[in-house]
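Report on the structure given below.
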Protein chains: 2
Amino acid sequence: MTTFGETIKQLREEQNLPQRKVAAYLDIDTSLLAKYERNVRQPSKELIIKIAALFKVNSEALISEALTDKIAYQILEEEADSKLLRVAENKVEYLKKQNNG
Amino acid sequence: MTTFGETIKQLREEQNLPQRKVAAYLDIDTSLLAKYERNVRQPSKELIIKIAALFKVNSEALISEALTDKIAYQILEEEADSKLLRVAENKVEYLKKQNNG
DNA sequence: TACATTTGGACAAATATTGACCATATCAAA
DNA sequence: TTTGATATGGTCAATATTTGTCCAAATGTA
């Protein structure tokens with residue numbers, strides 16, 4: 001299990017690149033990249049796609065990882081029970097049906 | 001399975017109260033209450049507690065229902081697979097351990 | 001030490017969300 | 001069908017949240 005930040009940090013280190021280089025490629029400040037790597041900030045979908053392209057990984061997977069991060073942090077923030085996510089899963093299906101039928 | 005909005009609407013109708021009365025008690029506009037009932041707006045935690053008190057239901061349960069709603073809508077919004085919520089659940093536990101250990 | 005890399009904090013800018021207001025729609029009884 | 005009450009919808013300013021920049025401080029490394 002890894003977070004979005006850990007993932008992109010790992011990808012960067014596999015290539016032996018400093019934040020400076022990756023940040024330059026992405027056209028952002030190094031301190032911002034550092035924040036992404038520690039999940040202090042969440043990059044836009046567009047930037048995630050750029051990151052995926054840079055490291056040649058599947059962009060959808062990276063987007064999903066960012067989304068699961070975001071939701072996990074919400075649960076932590078609210079100090080809620082993670083089992084609520086099972087309720088949420090059922091609710092998604094319920095709402096889908098409601099929208100269609 | 002019910003959404004937060006459906007729940008509070010149901011509670012209101014069980015008491016045969018018009019939105020006008022409930023909104024007055026909560027000190028909000030009726031159109032705002034109508035939006036809560038259709039999940040067009042999300043009430044603050046403070047207001048949820050007021051609502052729980054009014055209908056004499058457990059406020060934590062109502063807060064949880066609002067949270068699962070919010071997450072479910074996020075998944076729908078992103079057109080993501082609801083199974084991602086299982087990943088998120090694991091991630092919560094992972095992050096908890098990371099914060100402690 | 002000197003230099004590169006990474007992190008932290010404060011704050012303005014950009015985004016997103018909410019609530020108020022008012023018009024319109026729906027409904028029920030007379 | 002009119003009347004009056006109830007509920008919904010749309011717009012927009014106010015509020016709240018999130019982001020990105022800037023710069024300082026810390027960490028690492030030769």
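A, B, ... follow the sequence lines: proteins, then strands. Residue 1 opens every chain.
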Indicate every side-chain donor-acceptor pair of residues 24-33 of chain B with a distance under 3.5 Å to a residue at least two apart or in another chain.
residue : atom : partner : partner atom : Å
B:Asp29 : OD1  : B:Ser31 : N            : 2.9
B:Asp29 : OD1  : B:Ser31 : OG           : 3.4

Handout entry: For B:Lys45, salt bridge (Lys or Arg N to Asp or Glu O under 4.0 Å) partners two or more places apart
Key = A:Glu78
Problem - Per-nucleotide protein contact string for nucleotides 4-20 of chain D (B base, S sugar-phosphate only, - none; heavy atom under 4.0 Å) - result: --SSBBB--------BB
Completion exercise
Those residues at least two apart in sequence (or on a different chain) that pass side chain to side chain donor-acceptor pair (under 3.5 Å) with B:Glu60 are none
Practice task
For the helix from C:dT1-D:dA30 to C:dA30-D:dT1, figure out the bend between the end axes, five pairs an end, and round to 10 degrees.
Solution key: 40°
Practice task
For B:Glu93, check salt bridge (Lys or Arg N to Asp or Glu O under 4.0 Å) against everything at least two apart and list the hits.
Solution key: B:Lys96
Handout entry: Sequence-distant partners of A:Arg20, side chain to side chain donor-acceptor pair (under 3.5 Å), two or more places apart
Key = none
Practice task
Indicate the atoms forming the closest heavy-atom contact of A:Ile48 with A:Pro43, along with that distance.
Solution key: CG1-CG, 3.8 Å
Practice task
Report the residues that fulfil side chain to side chain donor-acceptor pair (under 3.5 Å) with B:Gln19, sequence neighbours left out, ordered by chain and then residue number.
Solution key: B:Glu37
Problem - Counterpart residues, side chain to side chain donor-acceptor pair (under 3.5 Å), relative to A:Asn39 (two or more places apart) - result: A:Thr3, A:Tyr73
Exercise for the section: For DNA chain C, note the earliest and the latest nucleotide, 5' to 3', having some atom under 4.0 Å of a heavy atom belonging to chain B. Expected result: C:dT18 to C:dC22
Practice task
Mind checking side-chain contact (heavy atoms from CB on, under 4.5 Å) for A:Glu77 and listing every partner two or more places apart, or none if nothing turns up?
Solution key: none
Exercise for the section: Applying salt bridge (Lys or Arg N to Asp or Glu O under 4.0 Å), name anything that partners A:Arg38, two or more places apart in sequence or on another chain. Expected result: none
